[in-house]
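Let me begin by presenting the structure, written as structure tokens, before commenting on it.
Below, chain A is the first sequence line, B the second, and so on; all start at residue 1.
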Number of protein chains: 2
Amino acid sequence: MSTPAPPDTAGVPLARLAALFADNTRAAFLLALLDGRAWTLGELARQAGVAPSTASEHVDQLVAGGLLAQERQGRHRYLRLAGAHTAQLVEDLAAYGGPAAPRAGTLRASAATAALARGRTCYDHLAGRLGVGLTDAMIGRGLLRLDTGFALTDDGMRWFAENLDAADELRGGARRPVARPCLDWTERRHHLAGAGGAVLCDRLLERRWIERIGTGRAVRATPDGVRALRELLGVDVSGEPG
Amino acid sequence: MSTPAPPDTAGVPLARLAALFADNTRAAFLLALLDGRAWTLGELARQAGVAPSTASEHVDQLVAGGLLAQERQGRHRYLRLAGAHTAQLVEDLAAYGGPAAPRAGTLRASAATAALARGRTCYDHLAGRLGVGLTDAMIGRGLLRLDTGFALTDDGMRWFAENLDAADELRGGARRPVARPCLDWTERRHHLAGAGGAVLCDRLLERRWIERIGTGRAVRATPDGVRALRELLGVDVSGEPG
DNA sequence: GCCACAGTTCGGCCCGGCCCGAACAGTCCC
DNA sequence: GGGACTGTTCGGGCCGGGCCGAACTGTGGC
């Protein structure tokens with residue numbers, strides 16, 4: 001019994017992982033899934049503009065590579081990112097891509113981009129000007145520090161416990177960092193990610209202080225939210241004046 | 001004058017960036033350059049086992065893509081990573097690759113791997129059991145926290161200033177985070193990176209408390225270093241007992 | 001000036017990956 | 001059961017990219 005070759009892999013692991021990202025179609029899938037929700041295979045295929053058969057093969061690769069988790073329901077195949085770990089990697093790579101040039105895109109594309117730039121979810125936390133604005137406000141109030149790293153202060157821990165009823169989510173984990181910086185690809189600024197960023201986004205949606213626009217990643221503050229966040233953090237999140 | 005097409009790029013930026021990593025030869029280059037030093041093109045070619053002509057083309061791509069910086073001296077072409085930013089991305093991708101399987105490699109390969117596992121530089125800071133051990137000791141002494149994020153404490157800032165004469169390096173920058181977690185691919189544990197990690201590595205080498213083994217990334221503590229670090233952090237960095 | 005050496009450019013080979021359409025399997029609804 | 005729909009598998013075409021060797025440029029040493 002001579003095993004002809006280890007059936008699994010060949011080559012540098014780094015290269016095999018990167019190859020999963022190094023295709024326009026798969027990259028489009030991963031960016032779409034950054035909204036943190038589960039998409040069907042057909043939705044992904046339409047989004048990327050490829051045939052379902054092509055999408056099926058790409059999704060197989062991403063699942064086999066551990067980047068996506070899947071769930072089959074009836075005749076649908078739901079796909080989502082494998083976890084926060086994966087989302088972070090996608091976001092890191094996308095952010096490194098850089099200012100990405102002013103994007104000589106179409107007009108309607110730039111309208112959609114503008115909504116995303118105002119506010120959006122980034123997997124499980126908030127990004128865009130909304131996310132950066134909240135982060136800045138928390139720093140200004142001494143709830144978050146970054147001069148010695150990116151961490152909540154003791155005041156910050158209290159703030160989450162008292163105002164968002166989030167003591168449990170932040171206490172438990174040695175697993176996931178409470179505060180982690182995530183680099184924003186529109187603002188080129190850091191904003192709050194990690195368990196703290198996730199619970200913040202979760203509570204704001206739950207209390208309807210922010211809401212999703214349409215079916216995408218874009219979000220905006222509700223009138224209630226504008227009022228509440230002005231009280232809690234002294235920040236104006238009402239969006240563009242114009 | 002109809003510009004036929006923007007001469008630069010096509011496709012998703014994420015995919016174009018990832019494609020630079022998605023080749024065994026280029027990945028080998030990047031991993032080799034993680035030692036933070038400048039290599040000549042010939043050295044890189046030998047390391048990866050390809051012809052100089054092939055290496056030349058790969059390096060062109062990496063430089064054009066902004067991942068490498070180059071410097072020409074006489075008939076040599078020196079290459080290094082473009083910056084800490086780039087090193088972090090390489091490290092993130094390599095770490096995600098995962099436990100990477102126990103590596104059914106050759107015996108001498110595993111001997112070299114063992115030296116790297118004990119201690120090594122990771123671009124500009126320390127990794128391996130040495131890096132993780134120092135990080136753990138700093139946490140134990142209350143110099144570093146991770147329950148609220150990954151950040152130096154006020155005591156930690158003082159410790160760096162008093163014992164490593166590093167006040168300047170840590171004060172200046174809003175640019176680079178003082179403390180940042182870097183995930184270790186041998187230990188699967190976080191260790192100290194960022195400006196703090198860099199200055200720690202720099203001072204320890206400067207004082208000859210640690211020294212490089214051969215010409216690679218591996219490092220070990222000197223007798224002086226073992227003594228000094230036991231005093232300063234109460235940690236034993238003498239390496240394997242065997 | 002001559003030789004050794006580092007790196008580059010070019011032509012050509014070849015393999016792998018991406019894509020589609022067609023045929024098929026499984027699910028849901030009427 | 002019939003029809004609409006979602007997703008999968010397979011075959012085949014095509015293109016791009018990685019690799020090498022050979023020829024060439026430029027630097028440094030004798």
Which atom names give the shortest non-hydrogen contact between A/R217 and A/L31, and what distance separates them?
NH1-O, 4.0 Å
Any side-chain N or O of B/R72 below 4.0 angstrom from OP1/OP2 of C/dT8?
yes
I need the residues from residues 34-41 of chain A with at least one non-hydrogen atom less than 4.0 Å from DNA chain D; give them sorted by number, or say none.
A/T40, A/L41
Taking all non-hydrogen atoms of both residues into account, name the closest pair between B/T40 and B/H76 and its distance.
CG2-ND1, 3.9 Å
Rounded to the nearest 0.5 Å, how far does CG of B/L81 lie from CH2 of B/W39?
11.0 Å
Nearest 0.5 angstrom please: B/D92 CG to B/C182 SG, how far?
7.0 Å
Between C1' on C/dG16 and CZ on A/R16, what's the gap in Å once rounded to a whole number?
15 Å
CG of A/L20 versus P of C/dG17: gap in Å, rounded?
11 Å
Taking donor-acceptor contacts at under 3.5 Å, does the side chain of A/R75 reach the base of D/dT6?
no
Need to verify one output field. Residue with the more 5' nearest nucleotide on DNA chain C, A/Q73 or A/D23?
A/D23
The correct set of residues in residues 53-68 of chain A placing a heavy atom under 4.0 Å from DNA chain D is A/S53, A/S56, A/E57
Provide, to the nearest angstrom, the distance between the CZ atom belonging to A/F29 and the C1' atom belonging to D/dG7.
13 Å
Starting at CG of B/L79 and ending at P of C/dA6, how long is that distance when rounded to a whole Å?
15 Å
Once you round to the nearest 0.5 Å, how far does CG of B/L79 lie from CG of B/L67?
11.5 Å
Which pair of heavy atoms, one from B/L164 and one from B/R203, lies closest together, and at what distance?
O-NE, 2.8 Å
Strictly by modelled atom types, are B/Y123 and B/T86 linked by a side-chain donor-acceptor pair under 3.5 Å?
no
Salt bridge or not for B/D124 and B/R176, using N-O below 4.0 Å?
yes
A/L44 CG to C/dC19 C1', straight-line distance once rounded to whole Å:
17 Å
Side-chain contact check for A/R77: nearest option of D/dG18, D/dG7, C/dG7 is D/dG7
Determine, for B/R77 against B/E43, whether the closest basic-nitrogen to carboxylate-oxygen distance falls under 4.0 angstrom.
no
Measure the CG-CZ distance between B/D23 and A/R16 for me, rounded to the nearest 0.5 Å.
14.0 Å
When pairs are called at under 3.5 Å and a stem needs at least three consecutive Watson-Crick or G-U pairs, the stems of DNA chain C are C:1-30 with D:1-30
Minimum-distance pair of heavy atoms, taken over all atoms of B/E211 and B/L205:
CA-CD2, 4.3 Å
Examine D/dG7: is either OP1 or OP2 under 4.0 Å from a nitrogen or oxygen in the side chain of A/H76? Give yes or no.
yes
Roughly how many Å is it from CZ in B/R46 to C1' in C/dC5, rounded to a whole number?
11 Å
Heavy-atom donor-acceptor pair, B/N24 side chain to A/V12 backbone, under 3.5 Å
yes
Separation of B/E71 atom CD from C/dA6 atom P, in whole Å?
19 Å
